[in-house]
Amino acid sequence: MIGDLTSFRNLRQELRFSLKKYGYTLKRVLNNKNRWHTKIVCDILDSDSRNYVSTTYSKQDDYLRLIETTTFLRCNNKLSPKIASLYPGDKTVICKHIGEFLSSYLLANPTKIKSSLEAIVEYLNRINAINRDYKVFVVPAIVRTVLEISNDLIYDFEFLPKVKTVLPKLERSANKFIYGFGIEDPHIWNFRIIRNKNKTQALTTDFDYFSDRVNVFWELGYLYATFRWLNKSSLSLAHEAKNILLSLIPKKSPKAEFMFWLGALSSYCGYEDSMRDLAANGEIAKSELKQQYRTIRWLDEKVASLAESILTEPE
């Protein structure tokens with residue numbers, strides 16, 4: 001998760017934010033290098049050695065969106081990063097450092113998995129409750145992009161052959177789902193945990209994709225699937241986290257179950273390019289991604305089957 005500092009030094013001039021100029025010292029880069037063309041997130045210290053986080057954007061709209069979203073959440077009494085300083089000319093926001101990364105926290109505190117995930121479920125539900133309403137189903141943007149690419153049939157490979165057929169039908173139907181505010185990238189890396197007086201709280205610090213049309217079961221399914229990133233550090237921890245999260249979700253209706261597994265499938269859409277290249281070379285079966293490929297195929301069938309069931313049931 002920590003970027004290469006040499007590459008960072010080469011890029012920060014392009015993003016026009018000098019930490020030294022404003023009296024800050026870099027501790028480490030927090031976000032992935034492949035996102036630096038969009039934003040750079042840094043763990044920094046001020047002149048009094050107090051901890052802050054800087055986010056420098058390449059686009060003005062993204063900079064303004066962070067300010068707008070954190071203000072919106074604060075006005076609705078929801079936990080969010082507290083802005084300490086703004087540098088509009090540099091498209092940079094300085095926030096007070098808050099919480100620990102969820103993945104790091106779970107690995108260091110395996111007995112706190114349940115309380116941490118309870119806090120996340122509560123957090124997502126509280127945000128989602130803002131202006132929650134029934135709306136006609138819309139294919140999530142991350143899935144729609146993949147389906148549009150699949151229409152080209154590059155290398156005669158379809159990433160989601162089952163879902164490709166049924167989701168547009170569901171979108172055209174009169175079926176409505178519960179939508180509210182939420183985040184479109186509820187990845188394990190985007191949550192933080194705060195421990196205050198024996199109380200555990202959770203929040204996200206990534207608001208690049210904050211929307212008023214998110215289904216909370218979709219968010220939980222997405223998060224559930226990203227626990228796979230714990231596998232390399234602790235397979236047993238990843239397995240336990242998945243089981244605990246499932247236990248925290250009340251008995252799901254058919255539409256909620258559909259949204260949950262659609263969220264899980266959505267989290268795998270980033271593999272589309274890699275899978276297409278492997279298929280072109282006939283190397284999926286011997287690739288390190290073969291397990292992901294099997295999981296994607298299972299999710300494709302699962303989501304398509306649930307969608308067909310909803311379509312055949314009276315609204």
Side-chain angles (χ1 to χ4, degrees), residues 124-125 128-129 131-187 209-226 228 245-246 249-280 284 289 292-315:
L124 292 177
N125 271 311
N128 198 252
N131 297 335
R132 184 182 285 166
D133 199 5
Y134 282 93
K135 298 177 183 178
V136 174
F137 172 74
V138 173
V139 177
I142 191 170
V143 178
R144 183 184 298 280
T145 298
V146 168
L147 298 186
E148 289 173 352
I149 292 173
S150 293
N151 286 333
D152 297 333
L153 281 178
I154 304 172
Y155 306 134
D156 294 324
F157 174 76
E158 286 190 287
F159 186 63
L160 303 174
K162 304 285 187 182
V163 160
K164 176 187 175 183
T165 301
V166 71
L167 287 193
K169 293 180 185 176
L170 187 58
E171 195 170 45
R172 291 191 298 269
S173 74
N175 277 278
K176 293 186 177 182
F177 292 75
I178 297 177
Y179 289 99
F181 279 89
I183 54 177
E184 296 181 338
D185 188 16
H187 197 290
Y209 303 99
F210 188 74
S211 169
D212 65 349
R213 201 183 183 102
V214 176
N215 179 281
V216 72
F217 289 103
W218 180 90
E219 288 180 289
L220 293 171
Y222 194 115
L223 173 63
Y224 170 88
T226 64
R228 66 184 180 272
L245 183 59
L246 286 176
I249 302 174
K251 183 174 174 57
K252 298 186 289 292
S253 67
K255 286 186 175 181
E257 184 179 8
F258 161 75
M259 277 293 192
F260 181 87
W261 293 112
L262 177 61
L265 179 62
S266 299
S267 82
Y268 280 91
C269 284
Y271 290 104
E272 191 271 340
D273 284 340
S274 299
M275 294 297 180
R276 191 176 297 281
D277 291 342
L278 289 169
I284 286 182
L289 297 180
Q292 283 85 343
Y293 179 74
R294 285 196 291 265
T295 301
I296 291 165
R297 283 286 170 263
W298 182 85
L299 286 169
D300 181 45
E301 294 201 9
K302 176 81 172 178
V303 171
S305 175
L306 291 169
E308 289 286 5
S309 296
I310 292 170
L311 285 168
T312 57
E313 289 292 326
E315 176 64 13

Derivation of the side-chain contact (heavy atoms from CB on, under 4.5 Å) call for Asp212 and Asn131: CA-CA 8 Å; Asp212 65 349; Asn131 297 335; over 6 Å; no

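- At a threshold of 4.5 Å between non-hydrogen side-chain atoms, the residues Phe260 and Leu306 do not count as touching.
- Smallest separation of non-hydrogen atoms from Tyr268 and Ala225: CE1-CB, 3.9 Å.
- Using modelled atom types, one side-chain atom of Tyr179 and one backbone atom of Val138 make a donor-acceptor pair closer than 3.5 Å.
- Between the side chain of Ser305 and the main chain of Glu301, no donor-acceptor pair closer than 3.5 Å is present.
- By the 4.5 Å heavy-atom criterion applied to side chains, Lys169 and Asn175 are not counted as neighbours.
- In this structure, Asp300 and Pro161 approach most closely via the heavy-atom pair OD2-CD, 3.3 Å.
- Of the possible donor and acceptor atoms, none in the side chain of Glu219 sits under 3.5 Å from a partner among the backbone N and O of Pro186.
- Within the 4.5 Å cutoff, side-chain heavy atoms of Leu220 are placed close to those of Leu124.
- Lys176 approaches Val136 most closely through the heavy-atom pair CG-N, 3.9 Å.
- In this structure, Asn128 and Val214 approach most closely via the heavy-atom pair ND2-O, 2.8 Å.
- Defined by atom type and a distance below 3.5 Å, a donor-acceptor pair is present between the side-chain atoms of Ser267 and Arg228.
- In this structure, Asn215 and Lys255 have side chains that are not in contact, with every pair of non-hydrogen atoms separated by 4.5 Å or more.
- Side chains of Leu223 and His187 form no contact here, defined as non-hydrogen atoms less than 4.5 Å apart.
- Contact check on Arg213 versus Glu184 returns no salt bridge, with no Lys/Arg side-chain nitrogen under 4.0 Å from an Asp/Glu carboxylate oxygen.
- Atom NZ of Lys162 has 12 or fewer heavy atoms from other residues, nucleotides or ligands within 6.0 Å.
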Ring pair (Phe, Tyr, Trp, His ring centres under 6.0 Å) between Phe137 and Phe177, intermediate numbers included: CA-CA 6 Å; Phe137 172 74; Phe177 292 75; 5.4 Å; yes

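- Two residues are said to be in side-chain contact when any heavy atoms from C-beta on lie closer than 4.5 Å; Leu170 and Ile310 meet this criterion.
- Ring orientation note: the planes of Phe210 and Phe181 are close to parallel, at an angle under 30° on the 30°/60° scale.
- Atom OG of Ser211 and atom CG of Asp185 lie 13.0 Å apart (nearest 0.5 Å).
- Shown here for Phe159 and Cys269, the closest heavy-atom pair between the two residues is CE2-CA, 4.0 Å.
- Here the CG-OH distance, from Leu265 to Tyr222, works out to 11.0 Å after rounding to the nearest 0.5 Å.
- For the atom pair OH of Tyr224 and CZ of Phe217, the computed distance is 15.0 Å after rounding to the nearest 0.5 Å.
- Arg297 contributes no side-chain N or O that, together with a main-chain N or O of Leu160, makes up a donor-acceptor pair within less than 3.5 Å.
- In this structure, the separation between CZ on Arg132 and CG on Asn125 is 6.0 Å, given to the nearest 0.5 Å.
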